[in-house]
Amino acid sequence: MKKILATIAALVMTVSAFADEGMWLLPLIQKMNGKAMKEAGLKLSPKDIYNINGSSLKDAIVQFGGGCTGEVISGQGLVVTNHHCGYSAIQRLSSDEHNYLMDGFWARTMKEEIPAPGLSVTFLVSMQDVTKDLAKIEKKLSKKNFGKQLEELMEKEQEKIIENAKKDNPDCEVEIQDFYNGNVLYLMVYKTYRDVRFVGAPPASMGKFGGETDNWVWPRHTCDFSMFRIYADAQGNPAAYSETNVPLRCESFLKISVAGVKENDYAMVMGYPGSTQRYQTAAQLEQMIRTNRIRIDARTIRQDIMWEAMCADPSVNLKYANKYASSANGWKKWQGEELAFENLDIIGREKQKEAGLTNWIRSQKPEKIAEYGRAIQDIEAAVEKRKDATRAMTLLTEAPANIELISICGTVTNSYGRAIATPGADSTAALENAKKATARLFKDYVADLDRKEASALLKFYRDNAKPEDFLQIPGRDFATMDIDAYVEDLYRRSVFTSPEKLAGADAPTILTDPAYNLFVAVMTPLMKYYTEVRANQDENFTKARKSFTKALMEWKDGEPMYPDANFTMRLTYGNVLPYSPKDAVLYKYYSTDKGILEKAKEYDGNPEFIIPEKLRSTLLKKDYGQWADADGSLHTCFLTNNDITGGNSGSPVLNAKGELIGLAFDGNWESMSSDVMFEPDLQRCICVDIRYVLFTVEKIGGAANIISELTLVGNDKRK
Ligand code: ARG
């Protein structure tokens, strides 16, 4: 542990990392990246970006919901994020009568803003390295020979640190997060606001223009943004929704540059990348690709059925829009990953790296060899040991467990079951509450569609699972049964297919329901495999991963290293750049209005490329106002070489002065292996140009009220 700290300190002082690769930790940028950021063109000091003792840019960057980034763009708590980040909230607020998802929406006054229950916005209050403190305690304790108990005692020590921090930070959530595979620990303090209201978004035909066809692909013309506002109590503290809440006053918010974006301009992204696998061994990567293949195959089947029903009926389309989009996003990502792994020889390169590391370890002193020598093999052994269980678990999760009827049944029986198991609980009331909890699921449920999915998924499962994993459905022989007939009967008899049927069902009916039998038949093996996989993530595996990462860091002593993404705030910096996807082809670094009309024509008849009439006519008139580029066109999206991943969605793209120039929203097809390895020549971050966003707010949404709330700069410096 000590050595690691010394390593970090040493590398920090020697060189500064080059631009592009790296999702850097904010407290370390001054030391690790200061020089290189300046060379890349940054006009701010690292302290302007991150300052623990005063306000800085980081105060304007937020976690949006459970898996995205947003940024504050006005003193009154206005937040902008991606359209695909607001998607599920907007879908939930929509109905056939008020279809905000498909038609778009703009609040003309704050009164018209729509509460979005379940949505939250989180600020990072502080982060503090506690590695040394904990290491000191561990050293003291380990002298006392606690043996196996040491781990538990250390957990208690962490709890103590957390409890103390909570006292100093009321209204906050506190946790200890680990970095570099357990080698570095930070105490993180967050503040979460749960009264978040929908302010506006373009119609999905703009916000998701190009749909799954264009997803993960450049050139792009998606207007991927939506806006929300944070509300707080009169003191500015987080509070549950209340009419008396007020817009959160924000001292830090981003200024917006409308000066335009040029090739080689400095660009940086701050946000919450979710997860990367840059410190995994070849064995882990091979496992990842195997698992992805099962998911792709199962989802192809499910999505085809959803898509057909969605295209046939606008009401079904709205109900399933979010389910489809989130399934399809992973489905396409994994296919791209599989392809890029092959094209870029990712496994081969990883193995080469491991061979280099192994040679280095062998040249070290015996203690080092003892510490690191077995890490790679131990990881491989752990992966091998849980290979079958992982496959079985993935098959169950992606196929039968994805039947919605099972989730509905699970929602009722789980919470009812808990009530029965709790002495003194009123089980009749619990059952009624459990039934109510299904309302949100039923709102977006089409039993007939789910029935088709169920048949197809059960067949897929039977074709791919090992016979010993066949579902034990009472009274049926899964190996030979007529699946269509079984499913037909299941959906006819089950009370879980509609709120009306469920409302009238008593406890005995529910517990003998055929869907409950299926639920148990799926959950029993799923829990078994889940436990098995978890057990194999045992101490040895954790230790091996920690040593592997530590060895890598020592081997590369002198090179700044960033930790894997873990949904903590990071910064990546670089420049605006084009790229060459293949021989003889060069992609420009930006797209324009022209491409929207071109695609609408090229994909005529494809629902993913239909554009609103208002957009078409405005583009034909070239009514771009102050949002036009100096070249007279409307720039829609642009590229940078910033290093991002899922979770960064909605992140601000900032210029050399820290002004907002765009929103990061995607990666490019040619480098889909980017979570595992960064590709300097190929990897790009796809951003929506902030001028396209503001054009849409003003010219398509007619929301001048929003524009007047913003601080626009650079109008005089049009490039
Ligand atoms: N690929 C984007 C990301 O993962 C999400 C895009 C959502 N759009 C869609 N068509 N599914 O951040």
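Both ligands and their constituent atoms are indexed starting at 1 by order of listing.
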- prompt: Hey, what do you get for Cys637 versus Cys687: SG atoms under 2.5 Å apart or not?
  reply: no

task: Give a yes/no verdict on whether any heavy atom in Phe665 is under 4.0 Å from an atom of ligand 1.
output: yes

message: Here's one to test your reading of the geometry: is the NZ or CZ of Arg295 within 45 degrees of the ring axis of Trp334 and under 6.0 Å from its centre?
response: yes

- request: Considering non-hydrogen atoms only, spot the tightest contact between Gly271 and Ser651 and give its length.
  value: CA-OG, 3.5 Å

- prompt: Counting heavy atoms only, which part of Lys208 comes closer than 4.0 Å to ligand 1: side chain, backbone, both or neither?
  reply: side chain

message: Only heavy atoms of Trp216, strictly under 4.0 Å: list the atoms of ligand 1 that pass.
response: 1 (N), 3 (C), 4 (O)

task: Report, in ascending order of atom number, the atoms of ligand 1 lying under 4.0 Å from any heavy atom of Ser649.
output: 3 (C), 12 (O)

task: For Glu212, counting its heavy atoms only, list the atoms of ligand 1 lying under 4.0 Å from any of them.
output: 9 (C), 10 (N), 11 (N)

field: Glu659 bridged to Lys255 by N-O distance under 4.0 Å
entry: no

message: Taking 4.0 angstrom as the limit and counting only heavy atoms of Gly211, give me the atoms of ligand 1 inside it, by number and element.
response: 10 (N)

field: Closest approach of any protein heavy atom to atom 4 (O) of ligand 1, naming residue and atom
entry: Asn329 ND2, 2.9 Å

query: Would one find an N or O of Asn215, backbone or side chain, under 3.5 Å from an N or O of ligand 1?
result: yes

message: Please check this pair: side chain of Ser327 against backbone of Lys323, looking for a donor-acceptor N/O pair closer than 3.5 Å.
response: no

- request: Start with the C-alpha distance between Thr636 and Ser591, add both sets of side-chain angles, then the distance that settles side chain to side chain donor-acceptor pair (under 3.5 Å), and finish with yes or no.
  value: CA-CA 5 Å; Thr636 45; Ser591 61; 2.6 Å; yes

